[in-house]
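Every number for a ligand or one of its atoms is a count from 1 in the order of the listing. Hydrogens, waters and symmetry mates play no part in the numbers below; they use all other heavy atoms, side chains included. One-based numbering along the sequence shown.
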Amino acid sequence: MRLSEQQLQESTAYLKEKGFDTPEIGIVLGTGLGQLVNAIENPITAHYNHIPFFPLATVEFHPGKLIYGTIEGKKAVVMEGRFHLYEGYDFIDVTYPIRIMHQLGIHKLFVSNAAGAINRTYKKGDIMLIEDHLNLQGGSPLAFGNVSEFGDRFVDMSEPYDLDMRLKLIAIAKREKINLQKGVYAAVIGPQLETKAEYRMLKIIGADAVGMSTVPEVIIANHLRLPIVAVSVLTDECDPDNLEPVDIQEIIRIANEAEPKMIKLFTELIKEL
Ligand code: HPA
């Protein structure tokens with residue numbers, strides 16, 4: 001896909017027409033993390049496949065939707081389901097919804113994902129605040145010809161995750177007695193899980209968690225100067241010396257179980273913004 005200002009404007013116009021009126025906050029919900037939508041009051045739903053110029057759904061892609069409404073009294077737009085590189089989308093596709101939420105007017109972005117725990121002291125069911133990342137996806141959502149029409153070409157990544165929101169989340173976790181781990185998220189393409197040798201490598205190069213999303217979205221948020229905060233729900237323990245075969249149903253079950261903690265963190269943060 002190639003990015004054009006006109007496409008962005010048509011996508012945005014469709015949503016504004018439906019009533020997506022100047023949301024303040026954008027939220028991306030990761031795999032197995034859909035329950036936050038129950039907290040949206042007066043929801044308006046737009047299916048991805050009805051929004052002009054949204055990436056086209058692949059056969060196996062669960063139809064995702066954008067939901068607009070209020071959460072804790074603030075106007076928000078929530079992405080239920082995201083596009084992944086492993087589904088065959090390119091970097092511009094997977095970050096298109098972030099640009100649309102930005103055009104709608106959000107000035108804060110919250111992102112969640114399910115990830116494997118590389119740090120041996122982190123356990124499945126833990127929540128990890130992402131402090132930094134490793135882009136191992138072999139590309140960038142900013143590597144296209146006319147990027148400078150949309151923002152800087154050379155984007156600073158010295159502090160990609162907003163410090164103020166991170167400190168707020170740390171304080172909220174303490175107050176709510178949620179054990180919040182902190183660390184570096186490594187993004188791979190997938191969809192295959194990692195080999196033992198790959199998990200060893202990820203540990204050596206400084207990852208605390210590994211997953212298949214988020215980093216392109218974070219790069220675009222920085223490109224748009226949109227403050228972002230991101231958390232991983234750790235769904236499996238990637239111990240190369242005792243590696244068990246992966247069970248995707250189990251990953252989704254753990255994500256569901258741990259999700260209330262993430263919802264608490266996000267809704268409390270919304271109250272404080
Ligand atoms: N690796 C990559 N992605 C993941 C994992 C993992 O172990 N667990 C959940 N998402």
Side-chain angles (χ1 to χ4, degrees), residues 27-36 58 60-62 64 79-89 91 93-95 110-139 141 161 179-219 229-263 265-266:
I27 304 179
V28 182
L29 299 178
T31 305
L33 302 170
Q35 299 167 65
L36 182 65
T58 55
E60 76 261 55
F61 184 72
H62 323 268
M79 273 182 78
E80 189 183 1
R82 56 152 67 85
F83 298 96
H84 296 92
L85 294 170
Y86 64 71
E87 292 163 300
Y89 298 106
F91 281 98
D93 294 328
V94 301
T95 51
F110 300 0
V111 175
S112 62
N113 60 51
I118 299 291
N119 186 318
R120 300 297 323 122
T121 66
Y122 296 177
K123 301 296 167 207
K124 61 179 171 186
D126 282 354
I127 310 277
M128 188 187 92
L129 177 64
I130 303 179
E131 294 188 316
D132 207 344
H133 71 225
L134 292 161
N135 177 9
L136 303 177
Q137 293 189 317
Y161 298 85
N179 183 18
L180 185 64
Q181 311 290 10
K182 297 166 206 75
V184 173
Y185 173 89
V188 294
I189 295 183
Q192 74 285 355
L193 280 289
E194 288 68 36
T195 64
K196 296 182 196 104
E198 287 165 341
Y199 285 133
R200 279 192 198 98
M201 173 195 74
L202 288 166
K203 190 169 178 204
I204 291 167
I205 65 176
D208 295 292
V210 59
M212 304 174 191
S213 67
T214 302
V215 163
E217 296 154 7
V218 173
I219 293 171
V229 72
V231 297
S232 290
V233 175
L234 304 179
T235 52
D236 52 311
E237 292 166 22
C238 311
D239 177 358
D241 299 320
N242 295 289
L243 193 60
E244 287 167 20
V246 70
D247 177 350
I248 291 297
Q249 292 316 321
E250 170 75 356
I251 285 184
I252 291 173
R253 190 181 68 77
I254 300 287
N256 281 323
E257 253 176 45
E259 187 182 5
K261 292 189 276 187
M262 183 210 91
I263 293 175
L265 291 172
F266 279 5

Closest non-hydrogen atom pair between Ile118 and Cys238, with its separation =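 Scanning both residues completely, I find the closest heavy atoms to be CD1-CB, 3.9 Å.
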[X] neighbourhood, listing ligand 1 atoms whose heavy-atom distance to it stays under 4.0 Å:
| X | answer |
| --- | --- |
| Thr235 | 8 (N), 9 (C) |
| Leu193 | 1 (N), 2 (C), 5 (C), 6 (C), 7 (O) |
| Met212 | 2 (C), 3 (N) |
| Glu194 | 1 (N), 2 (C), 6 (C), 7 (O) |

Checking side chain to side chain contact (heavy atoms under 4.5 Å, CB included) against Phe110, which of Val231, Val229, Val28 comes through?
->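 Going through the options one by one, the only one that passes is Val229.
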Quick one: look at Tyr86 and ligand 1, take heavy-atom pairs under 4.0 Å, and tell me if it's side chain, backbone, both or neither.
->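 No part of Tyr86 is near ligand 1 at this cut-off.
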Other residues, nucleotides, ligands: >12 heavy atoms within 6.0 Å of Lys196 NZ =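 Not more than 12 within 6.0 Å, no.
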At what distance is the nearest protein heavy atom to [atom], and which residue and atom is it?
| atom | value |
| --- | --- |
| atom 8 (N) of ligand 1 | Asp236 OD1, 2.7 Å |
| atom 10 (N) of ligand 1 | Ala114 O, 3.5 Å |
| atom 4 (C) of ligand 1 | Val210 O, 3.6 Å |
| atom 5 (C) of ligand 1 | Gly116 N, 3.4 Å |

Cys238 N/O under 3.5 Å from ligand 1 N/O |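 Between Cys238 and ligand 1 (N or O atoms, distance only) the closest approach is not under 3.5 Å.
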Verdict with supporting geometry, Glu194 and Leu243, side-chain contact (heavy atoms from CB on, under 4.5 Å) = CA-CA 10 Å; Glu194 288 68 36; Leu243 193 60; over 6 Å; no
Rounded to the nearest 0.5 Å, what's the gap from CE on Met212 to CG on Asn113? Could you check?
->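 With rounding to 0.5 Å, CE (Met212) is 11.0 Å from CG (Asn113).
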Partner of Lys124 under side chain to side chain donor-acceptor pair (under 3.5 Å), chosen from Glu257, Glu237, Glu250 |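 Looking at Glu257, Glu237, Glu250, the match for Lys124 under the side chain to side chain donor-acceptor pair (under 3.5 Å) is Glu250.
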Is the shortest side-chain N to carboxylate O distance from Lys182 to Asp208 below 4.0 Å?
->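 Between Asp208 and Lys182 there is no salt bridge, as every charged N stays at least 4.0 Å from the carboxylate O atoms.
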